[in-house]
Undergrad: 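If you scroll down you'll find the structure; I have some questions about it.
The analysis underlying the following values was restricted to heavy atoms, covering all of them including side chains, and did not include hydrogens, waters or symmetry mates.
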Amino acid sequence: MRIVTGSRALGIALALTGCGQPSPAPSPRPESYAERRCGGVPSAWGEPGSENGELMQFNRLDVSDSGLRWNDKAIDRAAMHRNLDAVAAIGLPLPLTVIVVADATGCSTVASVRSEIDARLHCAASHNCIEYSEADWRKWHPPLPPPPPEKAD
């Protein structure tokens, strides 16, 4: 039996334990909406603010990795599809569909929702789809002030 000593023994020990080997590259962190708005709003979608006008109607879809909300009601993907199909069935002019995306939302979620909305509402042709970040939504739609107190008679 031959005994290996010195630097050769150290090299063999390191090789067997994995020490000294380059560690695998960490998996990339998924990009979030806050970083670059997931490639930006589709160019054919409507401009923010275009939902504001006399007699303008719109549905708001809040998008985050934790779920969806349609006009402030929690929904799942199937309900989103039903709601979008109902909007599409109205005919022109369609009510606008506004999506408000939370900053921490992963780009895969954003891309999926954009695609599903576009497929059902043909946003490029109608320009009836608008996208906001949460911060931009608050700028364009600040909360209403509380009503003044009623005067006693």
Undergrad: Keeping the roles fixed (side chain from Arg69, backbone from Asp72), state whether a donor-acceptor pair exists under 3.5 Å.
TA: yes
Undergrad: Mind jotting down which residue pairs meet the salt bridge (Lys or Arg N to Asp or Glu O under 4.0 Å) criterion with at least one end in residues 95-111? Sequence neighbours excluded, please.
TA: none
Undergrad: Using the side chain to side chain contact (heavy atoms under 4.5 Å, CB included) rule, take Glu131 and Tyr33 through it: C-alpha gap first, then chi angles, then the decisive distance, then the call.
TA: CA-CA 12 Å; Glu131 181 176 304; Tyr33 187 77; 2.8 Å; yes
Undergrad: Could you grab the distance from atom OG1 of Thr109 to atom CG of Leu68, nearest 0.5 Å is fine?
TA: 8.5 Å
Undergrad: How many angstroms lie between CG in Asn83 and NE2 in His81, if you round to the nearest 0.5 Å?
TA: 10.5 Å
Undergrad: Distance check, rounded to the nearest 0.5 Å: Leu121 atom CG versus Thr97 atom OG1?
TA: 4.5 Å
Undergrad: My understanding is that only residues two or more places apart in sequence, or in another chain, count here; which of them pass salt bridge (charged side-chain N to carboxylate O under 4.0 Å, His left out) with Arg138?
TA: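 None.
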Undergrad: Measuring from atom CZ of Arg114 to atom SG of Cys123, what distance do you get when rounded to the nearest 0.5 angstrom?
TA: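 SG of Cys123 is found 11.0 Å from CZ of Arg114.
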Undergrad: If I take atom CZ from residue Arg120 and atom OG from residue Ser115, how far apart are they, to the nearest 0.5 angstrom?
TA: 9.5 Å
Undergrad: Show your working on side chain to side chain contact (heavy atoms under 4.5 Å, CB included) between His122 and Asn128 and close with a plain yes or no.
TA: CA-CA 8 Å; His122 310 288; Asn128 282 340; over 6 Å; no
Undergrad: Can you name the nearest heavy-atom pair linking Val63 to Thr105, along with the distance?
TA: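 Answer, listing the atom of Val63 first, then Thr105: O-OG1, 3.3 Å.
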Undergrad: For the residue pair Val98 and Trp140, establish whether any side-chain heavy-atom pair is separated by less than 4.5 Å.
TA: no
Undergrad: Would you please test Val110 and Ile99 for side chain to side chain contact (heavy atoms under 4.5 Å, CB included) and show each step?
TA: CA-CA 10 Å; Val110 175; Ile99 68 171; 5.7 Å; no
Undergrad: Look only at the side chain of Asn71 and the backbone of Arg60, and say whether a donor-acceptor pair between them is shorter than 3.5 Å.
TA: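 Indeed, once roles are kept as given, a pair shorter than 3.5 Å links the two residues.
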Undergrad: Are the side chains of Trp137 and Asp62 in contact, using a 4.5 Å heavy-atom criterion?
TA: no
Undergrad: What's the separation between atom CD in Glu116 and atom CG in Leu84, rounded to the nearest 0.5 Å?
TA: 8.0 Å
Undergrad: Over all heavy atoms of both residues, which pair between Ile117 and Cys129 is shortest? Give the atoms and the distance, please.
TA: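 Shortest heavy-atom separation between Ile117 and Cys129 comes out as CG2-SG, 3.8 Å.
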Undergrad: Report the C-alpha separation of Lys139 and Asp136 in whole Å, then their side-chain angles, then the decisive distance to 0.1 Å, and conclude whether the side chain to side chain contact (heavy atoms under 4.5 Å, CB included) test is met.
TA: CA-CA 5 Å; Lys139 287 177 194 171; Asp136 287 344; 3.8 Å; yes
